[in-house]
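Step one of this worksheet: look at the structure below.
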Amino acid sequence: FTMSRKVVRTSKFRHVFGQAVKADQCYDDIRISQMTWDSNFCSVNPKFVAMIVDASGGGAFIVLPLNKTGRIDMSYPTVCGHTGPVLDIEFCPHNDNIIASGSEDCSVMIWEIPEGGLTTSLTEPVVKLDGHSKRVGILSWHPTAHNVLMSAGCDNVVILWNVARGEAAVRIDSVHTDLIYCACWNRDGSQILTSCKDKALRVLDPRKGTVLYEREKPHEGSRPIRAVFTSDGKILSTGFSRMSERQVALWDPKNFSEPLTLQELDTSSGVLLPFYDPDTNVVYLCGKGDSSIRYFEVTDEAPYIHYLSIYSSKESQKGMGWMPKRGLEINKCEIARFYKLHERKCEPIVMTVPRKSDLFQEDLYPDTLGSEPSAEADEWFAGKDAPPVLISLKEGFATTTKSKEFKVHKSLLKTTTASAGTQPDSSGVIFLSLFGPKTLNVYVFDIVQKRCTDILTEVIFVCD
């Protein structure tokens with residue numbers, strides 16, 4: 001008879017591990033917002049980290065340069081132009097100094113953060129966008145078109161804004177019959193994916209506002225559903241079963257009748273926020289109120305969603321920021337970085353693939369989304385769909401090993417022979433010990449007398 005054994009699936013992400021940074025690299029003493037709204041409450045880019053904070057008499061969020069870690073003073077300036085609590089913020093992918101905010105005051109505001117961060121509080125936005133009749137809880141910039149912003153409010157309306165003109169270009173108000181839970185773009189911005197309280201997933205044509213695909217009750221439970229597009233056009237959703245068990249599922253929108261896979265995770269009550277990386281096909285599930293981050297690899301082979309591992313900590317998360325790939329430390333094989341919000345601080349968490357070599361790892365870092373838009377707002381609204389402009393991370397890669405050449409003047413080693421007395425040259429072994437960038441000690445170990453002699457040697461360093 002033939003004996004069978006379980007074969008472990010090969011994946012370069014099997015050993016990905018998460019690690020929180022040291023305490024001095026966290027952002028401390030920040031009063032994170034207490035609002036019970038299921039948004040990320042945090043947005044990050046290679047320059048700044050922004051967090052929604054508690055504020056009296058309106059809404060505010062704080063924007064910090066990435067290097068301003070440690071304790072943040074209570075008097076640090078904020079962005080405080082809203083008259084109601086801020087519900088969602090998102091940095092523009094094409095300009096690291098531009099951030100959008102949506103609020104309970106029914107408005108969307110566009111802000112410009114000065115280089116180096118805020119020195120005084122900002123109260124006047126660059127653009128104010130009015131069009132919603134109820135609070136605005138969802139914002140999402142177009143991934144490829146410049147100055148195109150999508151907002152969704154509690155009035156069940158999705159609006160596409162031409163930010164450069166300060167006007168609503170498309171208004172989708174007849175599709176959703178109830179509260180919109182999430183709204184996001186696909187990779188080239190040619191489709192919109194929404195989930196709604198009426199228990200339906202919808203794929204929309206953003207310019208026409210028509211429904212392309214629809215699936216009712218992708219998850220049987222009544223709790224909020226979250227969904228994102230994967231890189232090959234499939235849809236990954238998180239939700240709840242009828243018994244309130246948390247689930248993750250993968251769908252093909254062209255055949256919405258049955259999921260490709262549906263997996264049950266646990267019975268916790270927090271909404272799972274999916275963060276999908278199209279470069280590695282790894283999805284990270286962060287539950288609001290959880291103290292862990294699960295991550296899975298999405299492939300074309302059944303069961304399609306493969307569990308990788310889990311990062312666990314002691315404190316629960318109130319929100320989560322996600323760094324774009326161009327802001328990661330490539331030389332440390334970092335494939336993701338999260339900014340976890342606690343009650344009073346923000347803690348970066350680094351996801352790393354363990355590799356022995358410190359050379360650029362091309363299999364981990366394919367060409368990724370850059371900051372250059374591939375179309376202007378007017379072109380996109382006129383019908384132009386353009387693929388994203390990709391950049392290579394190798395150009396920004398800095399190697400950790402600097403090639404240094406040093407030369408030792410052999411004439412100074414003649415004192416070694418003299419100090420060894422009558423012993424032949426073969427009885428002395430020379431050791432070179434490098435301390436710091438410009439200190440070299442030369443030791444001669446006398447084999448017969450069993451002692452070590454320290455010799456001062458002139459060293460010349462030639463740096464590339």
Side-chain angles (χ1 to χ4, degrees), residues 16-21 25-28 30-46 48-54 61-64 66 69 86-91 93 99-102 137-141 181-184 223-228 236-239 246 248 265-266 268-278 280 282-296 308-325 327-328 334-352:
V16 170
F17 67 96
Q19 191 171 22
V21 300
Q25 294 176 286
C26 297
Y27 307 86
D28 289 312
I30 299 170
R31 295 175 301 153
I32 303 300
S33 173
Q34 301 292 322
M35 288 296 297
T36 54
W37 184 256
D38 288 326
S39 72
N40 298 345
F41 280 20
C42 181
S43 185
V44 194
N45 67 24
F48 303 106
V49 53
M51 294 160 276
I52 302 175
V53 295
D54 263 338
F61 59 95
I62 191 169
V63 181
L64 302 171
L66 282 187
T69 54
V86 178
L87 299 179
D88 197 14
I89 51 176
E90 183 164 351
F91 276 109
I99 186 170
S101 60
I138 300 169
L139 296 175
S140 182
W141 290 94
Y181 285 142
C182 80
C184 65
R223 299 297 310 283
I225 297 170
R226 290 304 183 103
V228 291
L236 185 137
S237 66
T238 64
R246 293 199 293 193
V248 58
L265 302 177
D266 56 24
S268 187
S269 60
V271 176
L272 285 170
L273 309 177
F275 294 90
Y276 175 74
D277 181 2
T280 59
V282 175
V283 64
Y284 304 85
L285 302 183
C286 310
K288 272 227 162 175
D290 287 8
S291 57
S292 61
I293 302 173
R294 289 184 180 86
Y295 35 106
F296 302 79
L308 291 174
S309 188
I310 185 171
Y311 164 80
S312 296
S313 60
K314 292 181 180 178
E315 296 188 52
S316 61
Q317 53 226 18
K318 294 178 65 65
M320 196 69 76
W322 158 263
M323 175 66 80
K325 193 64 75 75
L328 302 181
E334 184 182 344
I335 62 166
R337 191 190 311 157
F338 292 95
Y339 286 74
K340 174 182 173 180
L341 302 186
H342 299 247
E343 289 273 351
R344 303 274 305 184
K345 75 171 182 177
C346 174
E347 177 187 41
I349 297 168
V350 176
M351 298 289 177
T352 308

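In this text, all values refer to a predicted model and were calculated from it rather than measured experimentally.
- Here the closest heavy-atom approach between residue K345 and residue C26 is recorded as NZ-SG, 4.5 Å.
- When all heavy atoms of L64 and Y27 are compared, the closest pair comes out as CD1-CD2, 3.8 Å.
- Within the 4.5 Å cutoff, side-chain heavy atoms of K325 are placed close to those of D277.
- Between F48 and F91, the two ring planes are parallel [angle under 30°; tilted spans 30° to 60°].
- L265 has its side chain within reach of F296: a pair of non-hydrogen atoms, C-beta onward, lies under 4.5 Å apart.
- Going from atom CD1 of I293 over to atom CG of L285 covers 10.0 Å, rounded to the nearest 0.5 Å.
- Minimum heavy-atom separation, L341 to C42: CD1-CB, 3.8 Å.
- The shortest distance between side-chain heavy atoms of V44 and L66 falls below 4.5 Å.
- Between F275 and F338, the distance separating the two ring centers is shorter than 6.0 angstrom.
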| request: Could you go through the side-chain contact (heavy atoms from CB on, under 4.5 Å) check for Y181 and V271 one step at a time? | output: CA-CA 11 Å; Y181 285 142; V271 176; over 6 Å; no
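- Note that SG of C346 and NZ of K318 are 13.0 Å apart. Values are rounded to the nearest 0.5 Å.
- Expressed to the nearest 0.5 Å, how far CE of M51 lies from CD1 of I30 amounts to 3.5 Å.
- A heavy-atom distance below 4.5 Å is not found between the side chains of I225 and T238.
- The structure places OG of S101 at 8.0 Å from CD1 of I89, a figure rounded to the nearest 0.5 Å.
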| request: Report the C-alpha separation of S291 and K314 in whole Å, then their side-chain angles, then the decisive distance to 0.1 Å, and conclude whether the side-chain contact (heavy atoms from CB on, under 4.5 Å) test is met. | output: CA-CA 6 Å; S291 57; K314 292 181 180 178; over 6 Å; no
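- Atom-to-atom distance recorded for E90:CD and N45:CG is 11.0 Å, nearest 0.5 angstrom.
- Inter-residue side-chain proximity for V248 and L272 is flagged as unmet; no heavy-atom pair is nearer than 4.5 Å.
- Of the listed residues (Y276, Y284, F41, Y339), just one forms a ring pair (Phe, Tyr, Trp, His ring centres under 6.0 Å) with W322, and that residue is Y284.
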| Hey, mind stepping through R344 and D28 against salt bridge (charged side-chain N to carboxylate O under 4.0 Å, His left out) and telling me if it holds? | CA-CA 6 Å; R344 303 274 305 184; D28 289 312; over 6 Å; no
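- The closest side-chain heavy-atom distance from T352 to V16 is not below 4.5 Å.
- For the residue pair R246 and G287, the shortest heavy atom distance occurs at NH1-CA, 4.0 Å.
- When all heavy atoms of G137 and W37 are compared, the pair lying nearest together is O-NE1, 3.1 Å.
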| said: Could you walk me through whether E347 and H342 satisfy the side chain to side chain donor-acceptor pair (under 3.5 Å) test, starting with their C-alpha distance in whole Å, then the side-chain angles of each, then the deciding distance to 0.1 Å, before giving a yes or no? | reply: CA-CA 8 Å; E347 177 187 41; H342 299 247; 2.9 Å; yes
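- Counting heavy atoms from C-beta outward, Q34 and D54 have side chains that approach closer than 4.5 Å.
- Counted within 6.0 Å of CD on Q25, heavy atoms from surrounding residues, nucleotides or ligands total more than 12; the atom is thus considered enclosed.
- Put simply, the side chain of Y295 does not reach to within 4.5 Å of the side chain of I310, judged on heavy atoms.
- Look at D290 and K340 and you find no salt bridge, because none of the NZ, NE, NH1 or NH2 atoms lies under 4.0 Å from a carboxylate O.
- Annotation for C182 and A227: closest pair SG-N, 3.5 Å, computed over non-hydrogen atoms.
- The structure places CZ of R337 at 5.5 Å from CG of L328, a figure rounded to the nearest 0.5 Å.
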